[in-house]
Amino acid sequence: MVPGGPLSRGYTGRMTPGERVRIYEVGPRDGLQNEVRPIATADKARFVGLLADAGLREIEATSFVSPKAVPQLADAEELLRTLERRPGVRYPVLVPNERGLARAEAAGAEAMAIFTAASDAFARANIGMTVDESIERSRPVVARARELGWWTRGYVSTAFGCPYTGRVAPERVVEVALRLAELGVDEVALGDTIGVGVPAQVADLVGLLAVAGLAVERLAFHFHDTRGTALANVVAGLHAGVRCFDASTGGTGGCPYAPGAAGNLATEDLVYLLDGLGHEHGVRLEGVLAAARFVAVVLGRPLASKVGQAGGWDPATGRAVGRE
Ligand code: HMG
Ligand code: MG
């Protein structure tokens with residue numbers, strides 16, 4: 001459903017005809033990793049299936065991290081075995097070290113994301129090492145994944161602020177992003193782990209990265225919506241030329257090692273915005289809402305997202321759609 005109109009109505013983002021926005025779904029990984037109550041592997045697999053039904057083509061499925069660090073995702077092998085892989089859908093997994101990569105490889109993964117941060121304090125809390133150490137630890141992981149022909153991504157967490165040390169200098173974010181790019185990852189995702197960023201910072205970061213030589217085509221943004229700025233930040237990213245945004249269906253999410261972080265930007269909120277702006281992305285809002293309702297039932301609580309609560313909107317009738 002397209003509630004608004006074509007790009008020309010007020011929006012000045014530079015899209016060329018046929019250009020698409022990628023929605024990188026993180027619900028099964030980021031969305032569930034912080035949930036304390038165990039979720040059945042079969043429910044996770046069903047969730048991934050509903051996301052693929054909705055048209056999502058990049059679904060970050062799980063993590064091969066230490067099960068002590070993230071007990072909820074200790075079933076990563078079983079999930080990869082269980083989920084029905086659809087042609088044309090990429091299922092990246094989060095990998096912290098060589099051990100994680102070996103597990104992911106044995107489980108049949110074909111795409112992965114490594115992760116570090118712009119702040120040492122967060123890196124220590126999250127992965128027990130400094131940023132420098134984590135980049136060195138990721139070097140053989142990325143090299144091996146590339147040898148295997150996998151698609152690879154590198155996350156820079158705390159790109160807008162750290163829960164332990166506060167402000168993070170954009171120059172530091174640029175430095176870490178460039179070092180990940182030099183490892184050879186296909187894409188660098190900048191994470192607003194605790195949801196403190198605002199649009200001007202998004203524009204500044206993209207500008208600094210462009211000057212430093214990182215092509216905007218290799219950039220993605222990963223916004224947590226803790227303070228309600230995620231959609232505004234997406235618009236700033238679109239204006240700056242970024243074409244990949246992370247989101248979590250149902251608006252779930254949070255990192256166990258980032259106190260105060262709330263859910264990711266909800267996929268349904270992102271889809272509604274992109275539809276209104278007239279951007280092609282290939283995802284059906286009603287399908288996302290069906291997956292969001294499923295996850296709400298599994299988690300036993302109502303949806304936190306705006307569009308999850310209100311539904312989409314049909315301009316022909318003025319009625320809400322996709323709400324049951
Ligand atoms: P460690 O304890 O410092 O390191 O963990 P270790 O190498 O000494 O290992 C300790 C134990 O973990 C050992 O077991 C290892 O075998 C085991 P033990 O001898 O105690 O029985 N181990 C593993 N087991 C399974 N798979 C592995 C693995 N590696 C070690 N791959 C480590 C270091 C990095 C492993 C740990 O701290 C960890 O797994 N951290 C992950 C934390 C995490 O997943 N956080 C959330 C994801 S990041 C995020 O959400 C942010 C993001 O969304 C972007 C944003 O929002 O900004 C991406
Ligand atoms: Mg995150």
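Just the heavy atoms: all of them, side chains too, but no hydrogens, waters or symmetry mates, feed the values below. Start at 1 and go down the list; that is how both ligands and their atoms are numbered.
In this structure, atom 8 (O) of ligand 1 has no protein heavy-atom contact shorter than 4.0 Å. Under the 4.0 Å distance rule, the nearest protein heavy atom to atom 19 (O) of ligand 1 falls outside the cut-off. Of the protein's heavy atoms, at least one falls inside 4.0 Å of atom 50 (O) of ligand 1. In this structure, atom 16 (O) of ligand 1 is in close contact with the protein, since a protein heavy atom lies within 4.0 Å of it. Distances from atom 29 (N) of ligand 1 to the protein include at least one heavy-atom value under 4.0 Å. In this structure, atom 38 (C) of ligand 1 is in close contact with the protein, since a protein heavy atom lies within 4.0 Å of it.
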- Could you go through the side-chain contact (heavy atoms from CB on, under 4.5 Å) check for M129 and R137 one step at a time? CA-CA 10 Å; M129 56 190 112; R137 204 134 345 151; 3.7 Å; yes
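Heavy atoms of other residues, nucleotides or ligands lying less than 6.0 angstrom from CZ of R218 number more than 12. Remark: E133 CD is packed, more than 12 non-hydrogen atoms of other residues, nucleotides or ligands lying under 6.0 Å away. Counting heavy-atom neighbours within 6.0 Å of R172 CZ, excluding the residue itself, gives a total above 12.
Residue contacts with ligand 1 leave out S63, since none of its heavy atoms falls under 4.0 Å from the ligand.
Side-chain atoms of D225 come within 3.5 Å of backbone N or O of A230 as a donor-acceptor pair. Panel note: side chain T229, backbone G197; a donor-acceptor pair is recorded below 3.5 Å. With hydrogens and angles disregarded, no donor-acceptor distance shorter than 3.5 Å links the side chain of N264 to the backbone of H222. Of the possible polar contacts, none joining the E187 side chain to the A220 backbone as a donor-acceptor pair under 3.5 Å is found.
Around the Mg ion (ligand 2), the protein atoms of type N, O or S that sit closer than 2.8 Å are D30 OD2, H222 NE2, H224 NE2.
In this structure, the separation between CG on D120 and CG on D132 is 6.5 Å, given to the nearest 0.5 Å. Interatomic distance, CG of L205 versus CD of E171, reported as 9.0 Å (0.5 Å rounding). Interatomic distance, R227 CZ to D192 CG, rounded to the nearest 0.5 Å: 8.5 Å.
Only side-chain heavy atoms of P96 come within less than 4.0 Å of ligand 1; its backbone N, CA, C and O stay farther off. Contacts between V70 and ligand 1, counted as non-hydrogen atom pairs separated by less than 4.0 Å, involve the side chain only. Proximity of V26 to ligand 1, defined as any heavy-atom pair under 4.0 Å, is not found for any part of the residue. Both the backbone and the side chain of T193 come within contact range of ligand 1, each with a heavy atom under 4.0 Å. Contact annotation for S66 and ligand 1: heavy atoms of both the backbone and the side chain come within less than 4.0 Å of the ligand.
When the options P256, S157, G31, A189 are ranked by their closest heavy atom to atom 55 (C) of ligand 1, first place goes to S157.
Scanning the protein for heavy atoms near atom 42 (C) of ligand 1, the closest one is N126 O, 3.2 Å. Nearest protein heavy-atom neighbour of atom 35 (C) of ligand 1: N97 ND2, 3.7 Å. Atom 46 (C) of ligand 1 has as its closest protein heavy atom Q33 OE1, 3.5 Å. In this structure, the protein non-hydrogen atom closest to atom 14 (O) of ligand 1 is K68 NZ, 3.9 Å. R103 NH1, 3.2 Å is the protein heavy atom nearest to atom 25 (C) of ligand 1. The single protein non-hydrogen atom nearest to atom 33 (C) of ligand 1 is I127 O, 3.6 Å, given as residue, atom name and distance. Closest protein heavy atom to atom 27 (C) of ligand 1: R99 CG, 3.6 Å. If you check which protein heavy atom lies closest to atom 58 (C) of ligand 1, you get R29 NH2, 3.4 Å.
Residue F115 has at least one heavy-atom neighbour below 4.0 Å for each of these atoms of ligand 1: 48 (S). Close contacts between ligand 1 and P67 involve ligand atoms 24 (N), 25 (C) [criterion: under 4.0 Å to a heavy atom]. In the vicinity of D30, heavy-atom distances shorter than 4.0 Å reach the ligand 1 atoms 53 (O). Residue C255 approaches ligand 1 through these ligand atoms, each under 4.0 Å from one of its heavy atoms: 46 (C), 50 (O). Of all atoms in ligand 1, numbered sequentially from 1 with element shown, those under 4.0 Å from a heavy atom of L94 are 47 (C). Which parts of ligand 1 touch G100 is read off a 4.0 Å heavy-atom cut-off, strictly below it: atoms 31 (N). The contact set between ligand 1 and H224, taken as ligand atoms under 4.0 Å from a residue heavy atom, comprises 56 (O).
Taking both residues in full, the closest heavy atoms of A262 and H224 are given as O-ND1, 2.9 Å, listed atom of the first, atom of the second, then distance. Here the closest heavy-atom approach between residue N233 and residue V198 is recorded as OD1-C, 3.0 Å. Across all non-hydrogen atoms, the minimal contact from F160 to V196 is O-CG2, 3.4 Å.
With 3.5 Å as the limit, one finds a donor-acceptor pair spanning the side chains of T41 and D75.
Note on R90 versus E110: no salt bridge recorded, every NZ/NE/NH1/NH2 to OD/OE distance being 4.0 Å or above. Under 4.0 Å is where a charged nitrogen must lie from a carboxylate oxygen, and between E84 and R86 at least one such pair does. The pair D53-R284 does not meet the salt-bridge criterion, since no charged nitrogen lies less than 4.0 angstrom from a carboxylate oxygen. The pair E182-R179 does not count as a salt bridge, with every side-chain nitrogen at least 4.0 angstrom from each carboxylate oxygen.
Checked by distance only, ligand 1 and V156 stay at 3.5 Å or farther apart across all their nitrogen or oxygen atoms. When only interatomic distances are considered, the shortest N/O to N/O separation between F64 and ligand 1 falls below 3.5 Å. For the pair H222 and ligand 1, the shortest N or O to N or O distance falls below 3.5 Å.
For R81, the side chain to side chain contact (heavy atoms under 4.5 Å, CB included) partners two or more places apart in sequence, or in a different chain, are E77, E78.
Both tests hold for R153 against Y155: distance to the six-membered ring centre under 6.0 Å, angle to the ring axis within 45°.
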